[in-house]
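A quick note: this is a predicted structure, and the numbers were derived from the prediction, not measured.
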Amino acid sequence: MTSTACATWAPRVLSALRIVSGYLLLIHGTAKLFGAPDIGMSSTLHLASLGGAAAIIELVFGALLLVGLFTRFAAFIASGFTAAAYFIGHVAGKGALLLPVLNGGDAAVLFCFVFLYIWAAGAGPWSIDALRHKT
């Protein structure tokens, strides 16, 4: 691919990465809070618990990332949240700090670095932030 094609498509792929990763985070929150899709957790989830706080963060920041609103802020919070989820939910319970394949934390690690990249790179052209900043 030529450098012109890469320059044309890179911002669009960034937007697609933000949209898909935001959607996936949002779905984690809706599954925990509303039982859709049903993962068998929403009926036992207490909003005042650590799991309830995690579900609210996933829902709110996933939605912000999905539409690209306050993207850098949302991505920064989501990156920190998923890093904490890795250490609290995976390392603390199963150990193997440097082996996420053994502790089930692959997705948390990947989310953490995807959101960190989005924080650094911005929302991309397909976002509410891009519409808000047009001159």
Side-chain angles (χ1 to χ4, degrees):
M1 199 180 289
T2 67
S3 62
T4 304
C6 288
T8 300
W9 281 99
R12 296 171 182 161
V13 173
L14 169 62
S15 289
L17 177 66
R18 176 192 44 79
I19 291 165
V20 170
S21 59
Y23 172 74
L24 292 173
L25 190 65
L26 174 70
I27 290 299
H28 278 271
T30 61
K32 291 174 187 167
L33 286 173
F34 309 122
D38 185 17
I39 58 171
M41 181 184 235
S42 64
S43 62
T44 61
L45 183 70
H46 299 285
L47 288 180
S49 69
L50 188 59
I56 292 168
I57 290 169
E58 290 165 344
L59 183 74
V60 170
F61 291 97
L64 288 173
L65 287 163
L66 177 65
V67 299
L69 180 62
F70 309 121
T71 302
R72 288 185 193 267
F73 172 74
F76 183 78
I77 298 299
S79 179
F81 163 73
T82 53
Y86 177 69
F87 288 107
I88 294 169
H90 298 280
V91 174
K94 300 175 187 163
L97 172 67
L98 298 178
L99 296 169
V101 70
L102 295 181
N103 64 30
D106 305 55
V109 172
L110 190 56
F111 270 130
C112 176
F113 283 93
V114 166
F115 293 138
L116 187 64
Y117 173 70
I118 293 169
W119 167 74
W126 301 334
S127 66
I128 293 175
D129 285 346
L131 292 173
R132 290 174 54 225
H133 294 104
K134 277 191 175 179
T135 56

Side-chain heavy-atom pair F115, L25 within 4.5 angstrom cut-off: yes

Mutual orientation of the aromatic rings belonging to H28 and F111 [parallel < 30°, tilted 30-60°, perpendicular > 60°]: perpendicular

Beyond-backbone contact of T82 with V114, side-chain heavy atoms, under 4.5 angstrom: no

hydrophobic_cluster_shared for L116 and F87, side chain cutoff 4.5 Å: yes

Backbone N/O of F76 and side chain of S79: donor-acceptor pair under 3.5 Å: no

Heavy-atom pair of closest approach, residues A96 and L102: CB-CB, 4.1 Å

Common cluster, F70/Y23, ILVMFWY with side-chain heavy-atom separation under 4.5 Å: yes

Joint hydrophobic cluster, I118 plus L110, side-chain heavy atoms closer than 4.5 Å: yes

Contact summary for L45 and G52, nearest pair of heavy atoms: CD1-N, 3.4 Å

Test ring-ring contact (aromatic ring centres under 6.0 Å, His included) applied to F113 and Y117, step by step: CA-CA 6 Å; F113 283 93; Y117 173 70; over 10 Å; no

Steps toward side chain to side chain contact (heavy atoms under 4.5 Å, CB included) verdict (I19, L66): CA-CA 4 Å; I19 291 165; L66 177 65; 3.8 Å; yes

Minimum heavy-atom distance between S15 and A123, given as atom pair plus value: OG-O, 3.4 Å

R132: salt bridge (Lys or Arg N to Asp or Glu O under 4.0 Å) partners, not counting sequence neighbours: D129

Donor-acceptor contact below 3.5 Å, side chain N103 vs main chain K94: no

Close side-chain approach of E58 and L26, heavy atoms under 4.5 Å: no

Side chain proximity check, L50 to I88, heavy atoms < 4.5 angstrom: yes

For G68 against R18, the heavy-atom pair lying closest together: N-NH1, 3.2 Å

Closest contact, heavy atoms only, P125 versus A130: O-CB, 3.4 Å

Student check: side-chain heavy atoms of Y86 and P100 closer than 4.5 Å: yes

Transitive ILVMFWY side-chain link L59 to L47, under 4.5 Å: yes

L131, CG: over 12 other non-hydrogen atoms inside 6.0 angstrom: yes

Heavy-atom closest pair, residues A31 and P37: CB-O, 3.3 Å

Joint hydrophobic cluster, L98 plus V101, side-chain heavy atoms closer than 4.5 Å: no

Side chain to side chain contact (heavy atoms under 4.5 Å, CB included) between F61 and L64, intermediate numbers included: CA-CA 5 Å; F61 291 97; L64 288 173; 4.1 Å; yes

